[in-house]
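Scroll down for the structure; my scribbles are underneath it.
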Amino acid sequence: MPSPRGYGEQGQVDWAHFGRIAVGRAQRALMAFVLVLSWSRRVFLRFYLDQRMGSFLDGHARAFDFFEGLPRVLLYDNLKSAVLERRGDVIRFNETLLAFASHYTFEPRPVAIQRGNEKGRVERTIQYVRTSFFPARVWTDLDDLNHQALEWCRGIAADRRCPEDRSMSVGEAFVAEQPPLLALPGD
């Protein structure tokens, strides 16, 4: 097994648009919150009807509960939930995210402008969701879709080969990565 370098160090976060769904007589955006651990590639996936800050933070909290811990650093692109303004190297973070990060003791870190490759793990994970989880998916409501997404994260997504060490599955790699994760507040 590789050295523990990198275990629990970083995760990557992003939103992805998955079309629109009918809610009553209205059409709403179907958004996927995705958080992937950078070493094991363990993924957390949850769908929302918006990208509001409440949904963004809820996605984080549920992911941390799912992982039973959290990485020290989370990478973001320049989405408004994370970065309000950039001027050169000076970054003004969203204060709500900073308070949340302080509570959970992780470091939010934005990638450089037009450097999406710096968070390629989450981008590839979103493509994996599009090809492995979402096609021809049938669900009754958002709760059902999220239940199916959680089961997919625990099953199919965890059973695939780990890119960092092809001799083990993502789930097996996560067993090594989970202990160094930061503890949840109150633990």
Determine yes or no for a side-chain-to-main-chain donor-acceptor pair under 3.5 angstrom, with [X] supplying the side chain and [Y] the backbone.
| X | Y | value |
| --- | --- | --- |
| Glu107 | Val73 | no |
| Arg41 | Trp39 | yes |
| Gln10 | Ser38 | no |
| Ser102 | Leu98 | no |
| Glu68 | Gln178 | no |
| Arg160 | Ala157 | yes |
| Arg42 | Leu37 | no |

Could you report the tightest heavy-atom contact between [X] and [Y], atom names first, then the distance?
| X | Y | value |
| --- | --- | --- |
| Phe93 | Leu84 | O-CD1, 3.9 Å |
| Met31 | His17 | SD-CD2, 3.4 Å |
| Leu182 | Tyr104 | CD1-O, 4.4 Å |
| Asp77 | Val111 | CA-CG2, 3.8 Å |
| Ser81 | Gln51 | OG-O, 3.8 Å |
| Gly120 | Gln12 | N-OE1, 3.6 Å |

Next item on the list: Would you please indicate yes or no on a ring centroid separation below 6.0 angstrom for Phe134 and Trp152?
Entry: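 Trp152 vs Phe134: aromatic centres not under 6.0 Å.
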Next item on the list: Could you tell me whether His60 and Tyr76 have their ring centroids closer than 6.0 angstrom?
Entry: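 Yes, the ring of His60 comes within the 6.0 Å limit of the ring of Tyr76, centre to centre.
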Approximate separation, where rounding is to 0.5 Å, of [X] [atom1] and [Y] [atom2]:
| X | Y | atom1 | atom2 | value |
| --- | --- | --- | --- | --- |
| Phe56 | Leu79 | CZ | CG | 5.0 Å |
| Arg161 | Met168 | CZ | CE | 9.0 Å |
| Glu172 | Asp159 | CD | CG | 9.0 Å |
| Leu74 | Leu35 | CG | CG | 5.5 Å |

With side chains defined as the heavy atoms from C-beta onward, is the minimum distance between [X] and [Y] less than 4.5 Å?
| X | Y | answer |
| --- | --- | --- |
| Leu97 | Leu57 | yes |
| Asn94 | Lys80 | no |
| Cys153 | Phe133 | no |
| Val129 | Phe18 | yes |
| Arg28 | Asp50 | yes |
| Phe106 | Leu181 | no |
| Leu30 | Leu145 | yes |
| Phe67 | Ser40 | no |

Checklist line | From CA spacing to verdict: side chain to side chain contact (heavy atoms under 4.5 Å, CB included), Ile21, Trp139 | finding: CA-CA 11 Å; Ile21 64 170; Trp139 69 92; 4.0 Å; yes
Checklist line | Asp65: side chain to side chain donor-acceptor pair (under 3.5 Å) partners, not counting sequence neighbours | finding: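 Asp65 satisfies side chain to side chain donor-acceptor pair (under 3.5 Å) with no other residue.
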Item checked: Test side chain to side chain donor-acceptor pair (under 3.5 Å) applied to Gln148 - qualifying residues, sequence neighbours left out ->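 With neighbours one apart ignored, the set is Arg137, Asp144.
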Notebook entry, point to check: Just wondering, are more than 12 heavy atoms of other shown residues or ligands nearer than 6.0 Å to CZ in Arg87?
Noted result: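 Result for CZ/Arg87: open.
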Check: Got a sec: does the NE2 of His147 have more than 12 other heavy atoms crowding it under 6.0 Å?
Finding: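 Open.
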Check: Does Arg46 make a cation-pi contact with Tyr48, if we ask for NZ or CZ under 6.0 Å from the ring centre and within 45° of the axis?
Finding: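 Pair Arg46/Tyr48 counts as cation-pi.
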Check: Is there a path from Phe100 to Ile91 through hydrophobic residues (I, L, V, M, F, W, Y) whose side chains come within less than 4.5 Å of each other?
Finding: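 In one cluster: no.
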Note to self: Working note: Asp14 + Val36, criterion side chain to side chain contact (heavy atoms under 4.5 Å, CB included); need CA distance, chi angles, decisive distance, verdict.
What the structure shows: CA-CA 9 Å; Asp14 208 353; Val36 63; over 6 Å; no
